[in-house]
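Read the structure below first, then the notes.
Labels below follow one simple rule: chain letters A, B, ... track the order of the sequence lines, proteins then strands, and each chain is numbered from 1.
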Amino acid sequence: MFHPFRVFVRLPGFHKRMGNENPGRCHGLNYDAPLGLFDAPAIQTCDQSRRPADTVTHPLEAGDATPIDFSSRVAYKRSQTNRNTHKRSIVLAIAYNQRTHRCGELRRADEGKAVILAGWVNSSRDHGGLTFVDLRDHTGLVQLRFNPDHVKAAHEQAKTLHNEDVITVTGTVVSRGEWANPKLSTGEIEIEVDAVDILSRSDPLPFQINDEFDAGEELQLRYRFLHLRRPEMQRIFRMRHGIARAIREYFHANGFAEIETPCLTKSTPEGARDYLVPSRVQPGSFFALPQSPQIFKQLFMIAGFDRYAQIVRCFRDEDLRADRQPEFTQLDMEMAFVQADDVMAEVEGCVQRIFNTVMNIDVPVPFPRISEHEAMNRFGVDRPDTRYDLELQDVTDLVRDIDFRVFREPIEAGGVVKCLLARGGDKLTRKVTDGLAEEVKGIGGGGLPLVKVTSTGTGVEFTTGVSKYLQPIRDRICEQLGAEPGDVIFFMPGTFADVCKYLHLVRTRLASILSLIPKDRWNLLWVVDFPLVMWNEDEQRWDSTHHPFTAPRDEDIALMDSDPGKVLSKAYDLVLNGTEMAGGSIRIHQRDIQQKVFSLLGISPEEALRKFEFLLDALRFGAPPHGGIAFGLDRWVMMLAGCDSLREVIAFPKTQRAICPLTGAPTPVAQSQLDELFLALKPPPGKAKP
RNA sequence: GGGGCCGUAGCUCAAUUGGUUAGAGUACCGGACUGUCGAUCCGGAUGUUGCGGGUUCGAAUCCCGUCGGCCUCGCCA
């Protein structure tokens, strides 16, 4: 017994012969459009008027799908007035555009349903008789059963299928009974196929989609469209969409407007290197792609938009890392008439919404806050990972008087000695601790003095490393740190900044080596009270910690002349599990303060005018107090999807040398294109000849 | 620009550390098989060991250079 059999009729070459108007229709019949439901083994066609009286029924071999020659039987009227008829061969095809379900949707409850499915051949198992094909689309897999005793023609076609062929089938959902596969969500059922259409054949693949391991990353990117077919990739990009959607819905619901800012804009040599775009109309001049829409969003505030949020592409021509791509996406947001607390509260709401919709997790708000100085002091970094303790502890006063040059000299030079207490660190092998010391040296440190705390039966003893120097203060150290036998103490002498840098490295390494990082923890926190400026030793000048438009704290403005390094700003960073996820600030909305900051940064009034005239102008004409923040959207996706690299969460990313293996971009261009732009190329610097 | 790891069949990886004809799985081709689900079984084809040079009786293996990928420091207001 056959179920209703949905087909559509193609009239090969018909529309061509009719000329090029309305290729999708001919004589009232939709080309490639379904004519209706038909009961196999008979099939019906109809004429242009589609009057039931004109319907012709044709016998159809069970399961036959393509091609069937109806040329001797089917007549179409050219028009109502012209009774001339002409004959066509008709190809019966499964109406893939009328898919009844997606592959991963079918369940036991659907048993008995007639379905039309379409997708990719994930794998096939040919038993000579029965042949099974796993059909895949973005929703999952479903097993197709081709039985020669059921429909021979379909079975014959199934035997020719290869991985990644695109097919559409029609058949019945049947229970798999004792052959159910618990590994598949659709494993309780399968499709008994009546007919299959092979919509597109696949060549042998450069790598397997259904493989357990990944191809090399460069190959993945070269054939990214194949790699993206993998279920894991589909998951990531659907999650990415979910995050973007949650963000848009949140901001829409809270009165923010999404307004686009230009991609072709003005180069600002501060900060990152710009990507440049030559102007044809203005020979010799260049646009820059935006590093961020920072100034434009401030202009929106000055324009009175009050609340703006945009998901926007940004470009920075700097060296790449696992977490840095030359083009990346920011959630950019700005609000007027606000203090820092207001921006942070808005962000907390948005982040809460993201976690809610995408991860189904409730994150508590408000997020804890920590000052930049406290973060550095306790964790050695301004983006602390608070999922585990292992905090830095200051032992400067304890070790000040002992006879150990390595500690004494840095202290006399105004530095500090800090340490990390690794609980159960005695299981670290010499190889591991030596490796840590090497890593510290690798970023400029001198080494990694350490002691092991061991039990003597009556008390504790320091062994190995620098223990002999520390014996005099052994008990006081143990008391202050709470050290116990089995622990290892890592010391670090030096300037405050150096000690932070090295111990932060050691801390993060130890956390992973000692498995201190709890799973499924999402520790969000705000880092606040950043210094407004930092001294740049190389250039002998003050640099902005955040950017030049960040407002100093009101109470610190007076310090700007006397002690700029002490001035704190109204900046805030959002940190998740030790990664900086967003950074923002309250902006300067008063022209005199903006100029004061420029002058502190060594930007002359003339230079400021040349670079930022439009902003300074805007500040002249009634700028409201405002502030905002920018999220690294890619990083959020990376963190929430559990990826190790930004490349995994960007559809078509660049390699470390900023090349797209898929398109080959960037490429040289024709001389004529250069001529149009009045550009001449210099040869790249040649290699020194031997 | 610096440091590190890597490059062997279409793909993922071996090759007893310098030794005979560079192997396996998968994909591909042919065959068998009516309940598989990483199907199985039988057979077949598949290599500029990234490229160039050097050392050696002999190089995938050692050395130099180079290209490419990844990690990282610098850089990323």
Side-chain angles (χ1 to χ4, degrees), chain A residues 122-135 141-150 155 159 162-164 174 176-184 186-187 190 202-223 226-227 268-274 291-292 294-295 314-326 328 435 438-439 441-445 501 505 532-534 536 538-539 541-550 569 571 580 583 585 597-598 601 603 611 632 644-645 647 654-657 659 661 685 687 690:
Chain A
N122 194 64
S123 64
S124 64
R125 295 172 291 282
D126 177 1
H127 289 250
L130 274 184
T131 292
F132 299 100
V133 169
D134 288 343
L135 188 67
L141 291 179
V142 66
Q143 175 165 284
L144 309 178
R145 182 177 74 192
F146 293 87
N147 188 342
D149 298 338
H150 179 61
H155 178 255
K159 287 169 84 80
H162 287 81
N163 287 355
E164 302 308 311
V174 296
R176 282 167 72 165
E178 62 181 294
W179 296 296
N181 181 358
K183 285 192 255 179
L184 287 180
T186 59
E190 63 193 350
S202 170
D203 277 348
L205 297 149
F207 53 85
Q208 294 304 303
I209 310 301
N210 57 10
D211 216 332
E212 61 179 307
F213 26 50
D214 272 346
E217 196 171 344
E218 198 182 5
L219 202 70
Q220 293 174 19
L221 298 184
R222 169 73 184 80
Y223 296 97
L226 291 180
H227 191 241
T268 51
E270 280 81 19
R273 206 172 285 117
D274 284 323
Q291 296 173 25
S292 80
Q294 177 61 36
I295 293 179
C314 303
F315 306 86
R316 292 179 190 174
D317 185 8
E318 294 293 345
D319 286 357
L320 282 72
R321 290 282 192 284
D323 61 351
R324 268 165 32 195
Q325 281 276 304
F328 57 99
E438 279 308 308
E439 283 200 81
K441 287 178 188 168
I443 58 171
K501 180 173 156 192
L505 175 85
L532 183 71
V533 291
M534 291 186 313
N536 181 332
D538 296 339
E539 309 277 341
R541 61 157 200 241
W542 294 102
D543 279 348
S544 291
T545 305
H546 190 51
H547 58 53
F549 317 113
T550 300
S569 72
E580 183 188 328
S585 62
V597 170
F598 281 150
L601 296 174
I603 301 173
K611 286 174 178 165
D644 296 322
S645 162
R647 292 184 297 276
K654 312 279 189 288
T655 68
Q656 195 165 57
R657 280 171 58 259
I659 282 169
K687 307 282 181 207

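- When heavy atoms are screened at a 4.0 angstrom cut-off, A:Thr131 is found touching no nucleic acid atom at all.
- A sub-4.0 Å separation between OP1 or OP2 of B:G38 and a side-chain N or O of A:Lys183 is present.
- Heavy atoms of A:Asp126 sit under 4.0 angstrom from at least one base atom.
- The shortest distance between the side-chain N/O atoms of A:Arg321 and the OP1/OP2 oxygens of B:C71 is not below 4.0 Å.
- Across the P atoms, B:C28 and B:C11 are found 15 Å apart, a figure rounded to whole Å.
- Checked by atom type and distance alone, the side chain of A:Arg125 never pairs as donor or acceptor with a backbone atom of A:Phe132 at under 3.5 Å.
- Side-chain atoms of A:Gln143 do not come within 3.5 Å of backbone N or O of A:Gly187 as any donor-acceptor pair.
- Summarising the geometry, the separation between CZ on A:Phe146 and C1' on B:C37 is reported as 15 Å, rounded to the nearest angstrom.
- When the P atom is compared between B:U17 and B:A32, the two are found 45 Å apart, to the nearest whole Å.
- The side chain of A:Thr655 approaches B:C70 more closely than any other nucleotide in the set B:U36, B:U34, B:C70.
- To the nearest whole angstrom, the two C1' atoms, one in B:A15 and one in B:A22, are 7 Å apart.
- Looking at the side chain of A:Leu219, the nearest of the listed nucleotides B:U72, B:C11, B:G69 is B:C11.
- For B:A22, there is no paired base (Watson-Crick or G-U wobble, both distances below 3.5 Å).
- Side chain of A:Gln291 to main chain of A:Arg316: no donor-acceptor pair is present (N/O by atom type, distance under 3.5 Å, no hydrogens or angles).
- Comparing B:C13 with B:C76, their C1' atoms sit 37 Å apart, to the nearest whole Å.
- Comparing B:G35, B:U34, B:C70 by their closest approach to the side chain of A:Trp179 singles out B:G35.
- Between the side chain of A:Arg145 and the base of B:G35, a donor-acceptor pair under 3.5 Å is found.
- To the nearest angstrom, P of B:C76 lies 14 Å from CD of A:Glu580.
- Using C1' as the reference atom, B:U12 and B:G54 are 32 Å apart when rounded to the nearest Å.
- No engagement by A:Gln325 is indicated, since no non-hydrogen atom pair under 4.0 Å with the nucleic acid exists.
- Nucleotides B:G50 and B:G10 place their C1' atoms 16 Å apart, quoted to the nearest Å.
- When the P atom of B:G1 is taken as reference, atom CZ of A:Arg273 falls 11 Å away, rounded to whole Å.
- Interface remark: the A:Gln143 side chain does form a donor-acceptor pair with the B:U36 base, using a distance-only criterion of under 3.5 Å.
- In the set B:A77, B:U34, B:C71, B:C71 carries the atom at the smallest distance from any side-chain atom of A:Ala322.
- B:A60 and B:U49 have their P atoms separated by 8 Å, given to the nearest Å.
- If you check distances only, the side chain of A:Arg316 never reaches the base of B:C76 with a donor-acceptor pair under 3.5 Å.
- Within the 4.0 Å cut-off from OP1 or OP2 of B:U36, not a single side-chain nitrogen or oxygen of A:Arg125 is found.
- Residue A:Arg647 comes nearest to A:Ala322 through the heavy atom pair NH1-CA, 4.3 Å, listed as atom of the first residue, atom of the second, then distance.
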Requested in this report: Spell out protein contact along nucleotides 2-7 of chain B as letters: B when the base is contacted, S when just the sugar-phosphate is, - when no protein heavy atom is under 4.0 Å; keep the 5' to 3' order.
Outcome: ------

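- Toward the 5' end of RNA chain B, the nearer of the two residues A:Asp214 and A:Ser645, judged by each one's closest nucleotide, is A:Asp214.
- Atom CG of A:Asp323 is separated from atom P of B:U72 by 7 Å (rounded to the nearest Å).
- OP1 or OP2 of B:C71 sits under 4.0 Å from a side-chain N or O of A:Arg647.
- A straight line from CZ of A:Arg657 to C1' of B:C70 spans 13 Å, rounded to a whole angstrom.
- Between A:Leu130 atom CG and B:C33 atom C1' there is a gap of 11 Å when expressed in whole angstrom units.
- Contacts of A:Gln656 with the nucleic acid, taken as non-hydrogen atoms under 4.0 Å apart, include base atoms.
- At the heavy-atom level, A:Pro548 lies under 4.0 Å from base atoms of the strands shown.
- Using a 4.0 Å heavy-atom distance criterion, A:Gly216 is classed as a sugar-phosphate-only contact.
- Between A:Asp319 and A:Arg321 there is no salt bridge, since no side-chain nitrogen of the basic residue lies less than 4.0 Å from a carboxylate oxygen of the acidic one.
- Under the Watson-Crick or G-U wobble criterion, with both distances below 3.5 Å, B:G68 is paired with B:C6.
- Using Watson-Crick or G-U wobble geometry with both donor-acceptor distances under 3.5 Å, B:C75 finds no partner in any strand shown.
- Scanning for side chain to side chain donor-acceptor pair (under 3.5 Å) contacts around A:Arg176 gives an empty result, with sequence neighbours left out.
- If you check B:A39, B:G35, B:A77 against the side chain of A:Ser123, the one that comes closest is B:A39.
- Under the salt bridge (charged side-chain N to carboxylate O under 4.0 Å, His left out) criterion, A:Asp323 pairs with A:Arg635, not counting sequence neighbours.
- With rounding to whole Å, A:Gln291 atom CD is found 16 Å from B:C75 atom P.
- For B:U8, the glycosidic angle deviates from 0 by more than 90°, giving an anti base.
- Checked by atom type and distance alone, the side chain of A:Asp134 never pairs as donor or acceptor with a backbone atom of A:Leu141 at under 3.5 Å.
- Of the C1' atoms belonging to B:G38 and B:G44, the separation is 23 Å, rounded to the nearest Å.
- A donor N or O paired with an acceptor N or O is not found under 3.5 Å between the base of B:G38 and the side-chain atoms of A:Asp211.
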Requested in this report: Evaluate the criterion side chain to side chain contact (heavy atoms under 4.5 Å, CB included) for residue pair A:Lys159 and A:Phe146; output intermediate values, then yes/no.
Outcome: CA-CA 9 Å; A:Lys159 287 169 84 80; A:Phe146 293 87; over 6 Å; no

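- Comparing A:Glu218 and A:Ala180, the nucleotide of RNA chain B nearest to each residue sits closer to the 5' end for A:Ala180.
- At distances below 3.5 Å, not a single donor-acceptor pair connects side-chain atoms of A:Glu164 with backbone N or O atoms of A:Ile209.
- Stacking annotation: A:Phe207 is not stacked on the base of B:C11 (requires ring centroids less than 5.5 angstrom apart and an interplanar angle below 30 degrees).
- Here A:His127 does not count as stacked on B:G35, because the ring centres are not under 5.5 angstrom apart with planes under 30°.
- A donor-acceptor contact under 3.5 angstrom links the side chains of A:Thr131 and A:His155, judged on distance only.
- Taking 4.0 angstrom as the limit, A:His155 places none of its side-chain polar atoms (N or O) nearer than this to OP1 or OP2 of B:U34.
- B:U40 is paired with B:A32 under the criterion used here, namely a Watson-Crick or G-U wobble arrangement in which both key atom distances are under 3.5 Å.
- The two residues A:Gln220 and A:Ala215 have their closest heavy-atom pair at NE2-O, 2.8 Å.
- Between the C1' atom of B:C11 and the CD atom of A:Glu164 lies a distance of 14 Å, rounded to the nearest Å.
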